[in-house]
Amino acid sequence: MAARVFTSRLSRSLTSSSHLLSRGLIIVDKQKSHLGRIAAYQYSTAAAIEEPIKPAVNVEHTKLFINGQFVDAASGKTFPTLDPRTGEVIAHVAEGDAEDINRAVAAARKAFDEGPWPKMNAYERSKIFVRLADLIEKHNDQIATLETWDTGKPYEQAAKIEVPMVVRLLRYYAGWADKIHGMTIPADGPYHVQTLHEPIGVAGQIIPWNFPLLMFSWKIGPALACGNTVVLKTAEQTPLSAFYVAHLLQEAGLPEGVLNIISGFGPTAGAPLCSHMDVDKLAFTGSTDTGKAILSLAAKSNLKPVTLELGGKSPFIVCEDADIDTAVEQAHFALFFNQGQCCCAGSRTFVHEKVYDEFLEKAKARALKRTVGDPFKSGTEQGPQIDSKQFDKIMNYIRSGIDSGATLETGGERLGERGYYIKPTVFSNVKDDMLIAQDEIFGPVQSILKFKDVDDVIRRANNSRYGLAAGVFTQNIDTANTLTRALRVGTVWVNCFDTFDATIPFGGYKMSGHGREKGEYSLKNYLQVKAVVTPLKNPAWL
């Protein structure tokens with residue numbers, strides 16, 4: 001199947017609605033506005049201030065999924081999951097804690113040690129994957145609606161891009177299930193030497209709130225294909241789509257205990273999972289600080305291996321020979337996609353000094369045309385941030401940018417009075433030592449920096465504690481080759497950005513984590529390698 005490319009598919013699904021944008025001049029009082037501008041294009045705000053659209057789905061699955069059954073938390077506690085459009089409660093979800101983690105791990109351990117999953121013919125495992133993918137595809141619209149309701153991301157993004165990517169990834173790992181094997185190795189002497197690639201056991205997995213179901217598939221796909229069992233903790237902000245998929249597992253034929261799903265909070269559910277002595281492997285996607293804590297818990301318990309996909313501050317490099325219009329659109333997408341809540345967001349836009357002014361004006365104009373509003377409304381490009389905590393964090397960074405001397409070109413303010421909407425924000429004259437150029441903001445804030453030459457931008461792009469991804473825009477193949485080899489990141493996109501596919505590995509350098517998600521490389525995270533050596537008597541050959 002062709003690659004699922006965020007950039008091209010979003011442009012097809014969203015830019016067709018661009019004609020709906022209304023443009024008009026608004027007068028800004030210089031004394032009352034930090035913008036200090038006389039006039040600016042008007043944002044398309046109607047969807048943000050209208051009554052929110054009622055989602056066409058009922059929330060039916062809110063309990064923990066343990067040993068193939070939906071169950072209440074042992075404590076009986078629940079917690080609310082909120083609608084980012086309003087801050088109102090969508091549903092109350094079971095609040096798992098250490099006792100529920102114990103129950104889930106026990107079920108996963110029994111399923112691994114005694115159940116049919118690791119002993120099942122690999123082809124039979126692959127058929128279960130295919131059935132699950134088919135069911136998710138069948139329920140695409142319901143799942144996408146829950147994902148949008150819980151996260152605030154545009155429905156068109158969830159329905160046309162993310163859920164289909166989940167289906168594609170599960171089918172990809174269905175294909176891997178019966179192709180995992182060891183090697184026969186020649187040795188010095190009369191020995192038969194082989195390696196066995198064995199499932200590691202019970203995998204504990206923790207997923208983030210920005211791409212809940214997509215990260216769900218990135219985690220369970222390779223783990224289950226290798227024959228492991230799983231205990232997965234959802235982000236407390238976004239548990240609904242994972243529980244919906246859980247109810248499809250039985251229909252797909254997944255044995256009891258193979259996949260267990262817990263909703264809850266980090267200190268009371270995540271930490272017990274990471275510390276559990278009967279968990280053999282951990283995988284986490286989220287912040288770098290939490291990743292450090294997880295590594296510590298893994299080391300202090302049973303020294304379980306850990307895969308981490310963490311934060312980023314990705315450079316987006318626009319060379320002097322780049323196609324500026326394309327670079328502007330791609331840079332806009334690289335930063336503002338998913339409300340800026342993307343670990344690999346191109347959040348440091350480096351532009352060559354010769355084309356800086358042209359790029360800046362066009363980037364500002366594009367931000368002003370961005371459609372912000374109810375994510376269920378057709379044509380919406382940007383919905384609300386996930387919650388009040390993230391909203392406040394982003395606004396604090398915007399204030400920091402202003403206070404440190406960067407030029408606020410547009411945005412920088414709340415949009416509407418309900419929910420967590422932020423106007424698309426663009427800063428120019430950003431310096432490397434500013435917090436907005438160093439920290440992962442995780443919001444719709446574009447920082448545009450100026451560079452002199454290739455050596456300058458390599459040095460500055462690499463001067464970051466992160467190393468997740470980068471974008472390079474140039475028409476010179478030599479420049480592209482120089483940059484792709486010099487940048488200390490896990491992914492470099494050349495004249496594109498956010499091109500994701502089930503086959504392409506993803507992960508970071510430095511404090512962006514270690515290990516790789518997706519593709520063949522991810523299988524190594526969930527396998528043990530065992531060497532088996534047997535003497536040979538009178539071998540015909542060695």
Side-chain angles (χ1 to χ4, degrees), residues 63-77 79 93-115 117-118 198-208 215-216 218-220 222-224 226-236 239 242-243 246 249 254-287 289-310 513-515 517 525-528:
K63 296 183 178 182
L64 311 179
F65 189 74
I66 299 176
N67 204 32
Q69 302 294 324
F70 284 103
V71 297
D72 291 321
S75 66
K77 292 182 179 179
F79 67 94
V93 178
E95 182 180 335
D97 59 18
E99 178 57 31
D100 301 298
I101 293 294
N102 288 338
R103 289 195 291 166
V105 172
R109 173 56 60 192
K110 184 176 181 180
F112 184 78
D113 290 345
E114 304 174 21
W117 187 249
E198 300 181 346
I200 201 166
V202 176
Q205 302 179 327
I206 301 175
I207 58 175
M215 296 300 102
F216 174 91
W218 284 22
K219 292 292 185 291
I220 71 166
L224 297 182
C226 291
N228 299 280
T229 58
V230 171
V231 176
L232 182 141
K233 191 193 90 66
T234 67
E236 59 267 26
F243 283 138
L249 296 176
L254 193 73
E256 293 180 353
V258 172
L259 176 57
N260 307 272
I261 302 173
I262 304 294
S263 53
F265 296 90
T268 52
L273 179 61
C274 296
S275 299
H276 206 290
M277 295 297 292
D278 224 9
V279 171
D280 303 303
K281 154 78 185 174
L282 291 174
F284 169 74
T285 296
S287 73
D289 287 343
T290 303
K292 290 180 180 180
I294 287 172
L295 272 178
S296 178
L297 292 171
K300 290 177 180 177
S301 53
N302 56 349
L303 206 63
K304 57 180 74 69
V306 183
T307 302
L308 299 172
E309 196 266 281
L310 306 176
H514 48 72
E517 307 264 27
N525 300 328
Y526 296 98
L527 293 169
Q528 293 276 29

- Non-neighbouring partners of Ser275 that pass side-chain contact (heavy atoms from CB on, under 4.5 Å), sequence neighbours left out: Leu297
- Task: Quick one: list whatever passes salt bridge (Lys or Arg N to Asp or Glu O under 4.0 Å) with Glu517, sequence neighbours left out.
- Result: Lys219
- Is the backbone N or O of Ala108 less than 3.5 Å from a side-chain atom of Thr229, with the two atoms forming a donor-acceptor pair by type? yes
- Set of residues satisfying side-chain contact (heavy atoms from CB on, under 4.5 Å) with respect to Ser301, sequence neighbours excluded: Met277, Lys304
- About how many Å separate CG of Leu232 and CD1 of Ile207, when rounded to the nearest 0.5 Å? 4.5 Å
Compile the donor-acceptor pairs under 3.5 Å between side chains in residues 267-274 and protein atoms, sequence neighbours left out, one pair per line.
none

- For Asn228, the side-chain contact (heavy atoms from CB on, under 4.5 Å) test, sequence neighbours excluded, returns Pro199, Ile200, Cys226, Tyr526
- Query: How close do Ile262 and Gly96 get, heavy atom to heavy atom, and via which atoms?
  - Reply: CG2-CA, 4.0 Å
- Message: Give me each pair satisfying salt bridge (Lys or Arg N to Asp or Glu O under 4.0 Å) with a member in residues 255-280, each pair once, sequence neighbours excluded.
- Response: Arg109-Asp278, Arg109-Asp280
- Task: Indicate yes or no for a side-chain donor-acceptor contact from Lys63 to the backbone of Ala94 under 3.5 Å, with no hydrogens or angles considered.
- Result: no
- Task: Could you list the residues that satisfy ring-ring contact (aromatic ring centres under 6.0 Å, His included) with Phe216, not counting sequence neighbours?
- Result: none
- Item | Leu282 to Ala298 - nearest heavy-atom pair and separation | CD1-CB, 4.0 Å
I'd like a table of donor-acceptor pairs (distance under 3.5 Å, sequence neighbours excluded) in which one partner is a side-chain atom from residues 64-76, with atom names and distances.
unit_1, atom_1, unit_2, atom_2, d
Asn67, OD1, Gly257, N, 3.4
Ser75, OG, Lys77, N, 3.2

- Task: Search all heavy atoms of Ala223 against all heavy atoms of Val230 and return the closest pair with its distance.
- Result: CB-CG2, 3.9 Å
- Task: Go through the structure and list residues passing salt bridge (Lys or Arg N to Asp or Glu O under 4.0 Å) with Glu99, not counting sequence neighbours.
- Result: none
- Task: Could you check if a side-chain atom of Leu259 sits within less than 4.5 angstrom of a side-chain atom of Leu249, using non-hydrogen atoms only?
- Result: yes
- Item | For Lys281, salt bridge (Lys or Arg N to Asp or Glu O under 4.0 Å) partners two or more places apart | none
- Query: Atom CG in Leu310, atom OG1 in Thr285: separation rounded to 0.5 Å?
  - Reply: 8.0 Å
- Of all heavy-atom pairs between Asn260 and Ala104, which one has the smallest distance, and what is that distance? ND2-O, 3.7 Å
- Residues at least two apart in sequence or cross-chain that pass side-chain hydrogen bond (donor to acceptor under 3.5 Å, both in side chains) with Asp100, listed by chain then number, are Arg103
- Query: What pairs with Pro255 under side-chain contact (heavy atoms from CB on, under 4.5 Å), at least two apart in sequence or on another chain?
  - Reply: Pro116, Trp117, Met120, Ile128, Val258
